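Written out below as structure tokens is the structure these notes cover.
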Amino acid sequence: RRAHRRHLRWCRRSHCLGHLAPARVYLYMATVKADACIAVLAVFDGSLHHGWDWNATERDSLLASDRPPACSRMLRTSFRSDGDELILRSRRLVLLPSAARFSVKYSCTAATSAIHGPSQSRERPCKAHVCLAALDAATQLPAPQVPLCTRFESSLGPWNEVHVPASMLLGGSRRFDELRFVGLPGVSLTIAELSVTAALSRAGSGTAYPSQLPRYLLPPVGYALPTLPRARDGSDGRCDASPAACAPYMEPAAAQTTRQQLPLCQMDGDHLRGRWEQSCDPQRIGRPDHFAYGRSLPVLQGGFDYRFCFQQSANERLRSAEALSWSWRPDGCRLEPVRGLSEWLGERTLLFVGDSLTAQHFYSLVWLLGGDAGTEELLDLESLLRVEQGARVDRCATSMNSEGGGASRVSRVRLRHGGVVYKVMRHGELEDELRNLSRVSWLQLVRSVDILLLNVGHWHHRRDPGFARYEEDAEAVTRQLELQLKPSAHVVYRTTNVGHPGCESAARPLRSRLEAWSALAPEGGDADLFTWNSTAQLARQTKSLKDSLFRDPHSWRGPPLFEAAWAASAARRRPDFARRFWLLNVSFVDQRADGHVAGAMRAGVLGSRQRFPLDCLHYCFPGPADYWALALVNLLRRQVPAARQRGAAA
């Protein structure tokens with residue numbers, strides 16, 4: 001402690017931080033643990049947040065990082081003259097919570113000949129080679145600067161981390177809209193992460209108040225900050241508290257030795273009996289995609305970029321962390337993780353056919369496979385033998401900006417062990433195409449696949465509002481599959497998830513599936529939950545549709561109530577086809593009213609998103625839809641022979 005006090009006295013005199021430790025930084029009198037605070041406002045973390053701009057020049061670039069997690073990117077700038085600046089500017093003024101900190105993960109590099117000691121210019125309040133300032137650009141007042149770079153590497157070395165109290169840069173003001181990095185000639189600054197961090201204190205009810213979160217002043221219409229339950233780990237909100245450890249993503253928090261003693265789920269309904277438990281302190285989840293997928297997801301440039309909810313705002317980042325902290329724990333069995341599917345699949349092919357929900361299923365599986373999944377390719381639907389020019393998607397990007405390349409193209413991802421995963425995304429036209437498979441342009445793909453994952457989603461009510469023809473359609477489609485699939489192909493039909501009205505205020509899983517369905521049933525009590533009454537039928541029973549108080553205007557209960565018809569129809573086909581048909585029941589995800597996209601598209605600072613509707617059907621990435629991929633992998637491993645077993649049998 002005496003040595004540390006001497007170091008601090010010297011540091012105050014010389015206006016520098018001295019040697020910065022990679023994981024912990026002593027900043028004047030403040031000692032902050034980097035992993036004890038949660039990032040509540042991301043400026044740059046692999047990509048520049050869409051609410052920020054920068055004064056990029058030819059010397060600045062976003063570089064791919066060869067460091068984990070995969071697909072990370074870094075922001076690099078080179079300073080050419082004394083006082084040269086890298087400026088990051090928010091499109092709206094930001095109001096910070098009290099006790100917030102600016103957190104920067106960075107590295108400084110320079111040629112030895114270019115560095116002649118700290119700057120001696122009297123005009124610069126900071127004498128280090130690179131300094132950081134935060135200010136309100138409208139005030140034009142001189143801003144305090146904090147030194148960053150006092151030592152250098154000839155090449156990119158270990159990351160330095162610094163956590164600067166906002167009061168040190170902003171004084172008594174808590175408003176800013178500009179961050180400036182001021183450097184000396186010959187110095188290069190590489191930024192891995194730049195964010196505002198804070199430890200959120202909790203009231204007696206265990207909620208985090210909106211006043212603790214940074215917010216953009218003059219927010220767009222519909223922008224709201226929810227109150228979120230925090231993990232009850234006994235900490236009091238200080239940054240030096242020690243949050244509880246996290247279990248791996250989608251694994252329950254029970255002792256590993258206890259879990260290993262349970263048998264594997266056979267996926268015959270045994271996986272449906274269980275409960276959602278909080279297996280991680282949300283404050284330990286930094287960037288959601290790193291925690292869930294072990295890789296960085298890109299900022300999407302398209303109409304559906306809001307499905308990466310955590311990239312939209314500080315509030316959405318917290319909401320995503322809360323959703324990821326819950327894991328499904330079956331009562332009497334355990335689920336295997338997704339890893340290892342590539343080896344199990346071998347050189348076989350897996351095809352996803354369905355709507356945008358099935359596209360979510362496809363991307364969840366690909367991203368959970370990590371390094372086993374290769375580059376995504378977009379194939380011409382009319383000619384699956386060629387890749388469209390310019391349609392090869394970088395492994396660190398995605399075609400999700402148009403819901404997976406749109407309805408005119410097929411996605412293909414090759415796996416490490418020779419297998420291939422395809423996706424054909426259709427919407428309202430899907431059932432008509434399935435009834436006439438011999439006429440579709442992707443027939444050759446259907447005839448060649450080894451495993452088909454199918455779901456028709458919520459589009460059926462468009463052509464059959466009363467679901468009177470659902471069983472007839474299922475019968476016609478299974479007949480076509482029996483005719484067109486090769487004799488060894490397996491078919492998996494995934495059940496359809498329900499939506500959750502009011503999902504924007506959901507902060508944790510529901511207690512039961514019954515609670516989710518109760519919000520969708522017509523008035524009349526629980527007896528009507530699993531009895532289908534179409535909108536037209538209810539209108540005939542009452543004076544008008546308005547008087548019926550029908551609470552399921554999207555017919556979200558319809559598909560799950562009738563999907564048993566797929567298994568019944570398959571059972572009436574030839575015995576060898578019936579043995580290769582499986583119904584994948586994922587109804588345990590019905591309890592996840594949290595984790596939906598909800599108002600994520602409204603949370604950004606772009607005016608064009610202000611009037612987007614709430615989305616309480618699709619889930620965020622990463623999020624509860626990842627459990628569809630987990631359930632599929634476990635079903636395939638239990639019911640379908642592995643590639644090497646198939647070869648041995650042959």
Side-chain angles (χ1 to χ4, degrees), residues 20 22 25 34 39-81 83-91 94 101-110 128-135 137 145-149 152-164 169 176-197 286-290 295-301 305 308 310-312 314 317 394 396-397 605:
L20 303 179
V25 177
V40 292
L41 179 68
V43 179
F44 180 87
D45 57 354
S47 56
L48 191 65
H49 187 275
H50 63 69
W52 289 72
D53 299 307
W54 59 321
N55 63 331
T57 65
E58 69 278 359
R59 67 177 185 276
D60 303 319
S61 60
L62 293 176
L63 301 177
S65 173
D66 57 356
R67 305 180 179 189
C71 300
S72 296
R73 291 181 180 272
M74 309 170 293
L75 190 157
R76 174 173 290 180
T77 186
S78 298
F79 301 102
R80 295 184 176 180
S81 60
D84 206 357
E85 295 180 325
L86 169 66
I87 301 176
L88 304 177
R89 182 175 292 114
S90 172
R91 300 178 188 178
V94 181
R101 292 165 173 81
F102 292 96
S103 297
V104 190
K105 181 185 287 187
Y106 67 98
S107 180
C108 297
T109 58
H129 293 88
V130 177
C131 303
L132 169 65
L135 65 154
Q145 296 182 359
V146 171
L148 293 183
C149 297
F152 302 91
E153 305 286 346
S154 57
S155 60
L156 196 61
W159 293 119
N160 299 312
E161 291 190 37
V162 63
H163 307 274
V164 186
L169 289 174
F176 81 102
D177 60 359
E178 197 168 278
L179 293 171
R180 295 188 179 186
F181 293 87
V182 185
L184 293 180
V187 178
S188 294
L189 173 68
T190 303
I191 300 174
E193 296 178 10
L194 174 57
S195 60
V196 175
T197 59
R287 181 163 160 163
D289 53 348
H290 292 180
R295 57 162 288 170
S296 296
L297 297 181
V299 169
L300 301 178
Q301 303 298 324
D305 60 344
F308 287 174
F310 71 91
Q311 295 179 347
Q312 304 307 310
R317 191 185 185 104
D394 183 83
C396 294
V605 296

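Remember, predicted model here, so these are calculated numbers, not experimental data. Values below: all heavy atoms of this structure, side chains included; hydrogens, waters and symmetry mates excluded.
The ring-ring contact (aromatic ring centres under 6.0 Å, His included) search around F181 returns none, not counting sequence neighbours. Under the side chain to side chain donor-acceptor pair (under 3.5 Å) criterion, E193 pairs with no residue, sequence neighbours left out. Listed by chain and number, the residues in a side chain to side chain contact (heavy atoms under 4.5 Å, CB included) with L169 are F102, L132, A134, V146, V164 (sequence neighbours excluded).
In terms of heavy atoms, F79 sits closest to V182 at CE2-C, 4.3 Å. Smallest separation of non-hydrogen atoms from W54 and L88: CB-CD2, 3.3 Å. Considering every non-hydrogen atom in both R295 and H290, the closest pair reads O-CD2, 3.3 Å. The shortest non-hydrogen separation linking L75 to F44 is N-CZ, 3.6 Å. Annotation for P185 and R80: closest pair CB-O, 3.5 Å, computed over non-hydrogen atoms. When all heavy atoms of S78 and D84 are compared, the closest pair comes out as O-OD2, 4.2 Å.
From N160, atom CG reaches atom OH of Y106 across 4.5 Å, with rounding to the nearest 0.5 Å. Note that the CZ atom of R89 and the CG atom of L135 stand 8.5 Å from one another [nearest 0.5 Å].
The closest side-chain heavy-atom distance from N55 to L86 is below 4.5 Å. With contacts defined as side-chain heavy-atom distances shorter than 4.5 Å, the pair C108/L189 qualifies.
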